[in-house]
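Chain naming here is simple, since letters A, B, ... match the order of the sequence lines and numbering starts at 1 in each.
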Amino acid sequence: MPVTEAELMQQYLDGDADAFRELYERLAPKLRSYLLRLARSPAVADDLLQLTFLKVHKNRSAWNAGADPKPWIFAIGHRTFLDHVRKAGRAKVAVAVDPERTPEAIAEFDGSAVGAADEPRYDSALVQHALAALEGLPPTQREAVVLTKLEGKTVIEAAAIAGTTVGAMKVRAHRGYVALRKLLGKEVA
Amino acid sequence: MSARLPSPGSTPHGTASPDRQEAQDGLAEALAQARRAGGAAAPAAPPPIGAALENELAKLAPRQPRRPLRAFALLVVASTAYAALLLCLLTVRRDAGELPTVWLAAYVVSWLLAFSGLSWIAMVPPVGQVMPRIGAALSGAWIAIALFTTLGLVLARSAPSSTLAPHTLEDFARFGHGCLRWGMLTALLPLGLGAVLLRGVIPVGGRAVGAAMGAAGGCLGGAMLHVHCPIADSLHLGLVHGGVVFASAALGALLLPAIADR
């Protein structure tokens, strides 16, 4: 039976460094992907990832036995990114769409899905256009759309990661989606 | 870059224009495609664990996990003992024997239940979670503020020995200043202790949890004031005793994130 992240955290708190390494292997790819979408730069995303796990290590006693550590770790990553933006003096949150700067975007956003050959295929330019339009949204709406529409988080999970209420997250996601819809509607030829 | 949208299909939004319907359908599907493609593609391998983290792992020592129930119990016991100590330094209201016992007791119990309930929300996360309920924390703080302000305004009782403050601004401020000070002083320990016990737990949502913890302290302050303060004026009970909850919640929202962050 595979070991859960909660069990790995318990082993890590018991002093097992390999348990931490296993936890890192499991969570770092998705967390880095999330940070990359926010930070736009692979180098910055890598730094933020290391900072996040350093904070997890420093605050490991804040975890309570049996709890799923993933939302908490993602919230730490979210906060680490916000602190980075404040220090850098920029409030802009952008979504990485430039293939030259984020090679994985080519594989991620080309409009195809594994095992979905029979699905109607959409113009990948529409996908790229929608993602580019995200950059025109206010930061809170952008984060809400990224978390709920691109990361696939539920509203409850997204609210927990962003540190806001479920109601506020719903409003942000809805307003962001409506604004995106208007932006794309204007671009129809 | 112009985007080609898929040909229109029927939508539940019958009144929207066809172009808008296409944009709606196209956008929803485009974002879904992006999410599916992102999930199907293997995420890029993350960098190896950095040197700083490896250094920390090399000297890894066992640590105890947080125990939310124990932290909650410690907070309640310590805070209640502190409030009782403050009450010993002050006096029990001189009209206590003349006021309806049910009114006195029910009011104090209400304050204490609110203190316990808000402390629970702030300190004890849902089962299987690390972080407390942010929405419940914020709602709880506002409900406590509204509730005790309203109760004070509508449920004031007086007795022959009670103090009825004249309705001038000067007297209101004079009488209110002392209660506000003692109420906030009572709130400081639960707020400070709660912040320390929450260190590292709330990387986000600190202001909402701080408001709840502050409001909890304010409710404890309100309980202490209710046993001490002989002023029976409804404005005083509502705006000053209830105001302690508001002021403590605001202080908590400001201070807790700074103390609990590390």
Side-chain angles (χ1 to χ4, degrees), chain A residues 13-15 17 20-21 24 28-30 32-33 46 49-50 53-54 57 59-69 72 75-76 78-79 104 107-114 122-123 125-131 149-150 152 159-160 162-167 180-181 184-185 187-189, chain B residues 1-6 19-20 22-24 26-47 49-50 52-53 56-58 60-68 125 127-131 134-135 138-139 198-206 208 262:
Chain A
L13 257 77
D14 289 339
F20 176 85
R21 292 193 178 87
Y24 181 89
K30 285 213 89 114
R32 184 184 179 276
S33 173
D46 289 345
L49 183 72
Q50 296 299 322
F53 276 96
L54 267 170
H57 177 73
N59 291 307
R60 60 193 186 277
S61 295
W63 173 81
N64 45 288
D68 180 3
W72 175 62
I76 293 175
H78 182 91
R79 176 60 187 274
E104 52 265 57
E108 288 178 5
F109 304 128
D110 69 353
S112 64
V114 171
Y122 288 91
D123 188 346
L126 173 60
V127 173
Q128 295 285 349
H129 195 69
L131 294 174
K149 303 296 182 190
L150 295 180
T164 186
T165 63
V166 169
L180 267 183
R181 198 189 290 162
L184 279 189
E187 295 296 328
V188 173
Chain B
M1 174 171 61
S2 64
R4 291 180 58 82
L5 296 172
D19 285 349
R20 196 168 294 278
E22 289 171 8
Q24 291 173 5
L27 173 59
E29 189 53 38
L31 291 175
Q33 287 279 336
R35 186 175 74 237
R36 284 197 297 269
I49 295 174
L53 205 39
E56 293 293 327
L57 291 176
L60 187 64
R63 285 250 197 112
Q64 289 295 321
R66 180 173 177 254
R67 293 170 197 240
V127 173
Q129 300 289 328
V130 175
M131 297 181 291
I134 306 298
L138 196 57
S139 302
L198 284 168
R199 292 187 82 189
V201 176
I202 36 172
V204 292
R262 61 175 184 185

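Contacts of B/Glu56 with chain A are made by both backbone and side-chain atoms, with heavy-atom separations under 4.5 Å. In this structure, chain B has a heavy atom under 4.5 Å from the side chain of A/Tyr24, while its backbone stays farther away. There is no contact between A/Ala159 and chain B, counting heavy-atom distances below 4.5 Å.
The CD1 atom of B/Ile202 lies 11.0 Å from the CG atom of A/Asn59; values are rounded to the nearest 0.5 Å. Put simply, CD1 on B/Ile49 and NE2 on A/His57 are 11.0 Å apart, with the number rounded to the nearest 0.5 Å.
Nearest heavy atoms, A/Ala17 versus B/Leu57: CB-O, 4.1 Å. In plain terms, the two heavy atoms of A/Ala62 and B/Val130 that are nearest each other are O-CG1, 3.8 Å. Contact between A/Ala67 and B/Gln129 at its shortest, heavy atoms only, is CB-O, 3.5 Å.
You'll find the side chain of B/Pro203 stays beyond 4.5 Å of the side chain of A/His78, heavy atoms only. Looking only at side-chain heavy atoms (C-beta outward), A/Phe20 and B/Leu60 stay at 4.5 Å or farther from each other.
Every side chain to side chain contact (heavy atoms under 4.5 Å, CB included) that B/Ile134 has, sequence neighbours left out, goes to B/Ala208, B/Val209. Applying the salt bridge (charged side-chain N to carboxylate O under 4.0 Å, His left out) rule to A/Asp68 yields the partners A/Lys70; only residues at least two apart in sequence or on another chain are considered.
Of the listed residues (B/Pro68, B/Ala58, B/Pro65, B/Ser139), the one with the most heavy-atom contacts under 4.5 Å to chain A is B/Pro65. Interface check for chain A: of the options B/Gly135, B/Gly205, B/Gly128, B/Pro125, the most heavy-atom pairs under 4.5 Å are formed by B/Gly128. Ranked by heavy-atom pairs under 4.5 Å with chain B, the first of A/Ala75, A/Gly66, A/Ala65 is A/Ala75. Interface remark: of the candidates A/Leu13, A/Val166, A/Asp14, A/Leu13 forms the most heavy-atom pairs closer than 4.5 Å to chain B. Top candidate by heavy-atom pairs under 4.5 Å with chain B, chosen from A/Thr165, A/Asn64, A/Leu180, A/Ile76, is A/Asn64.
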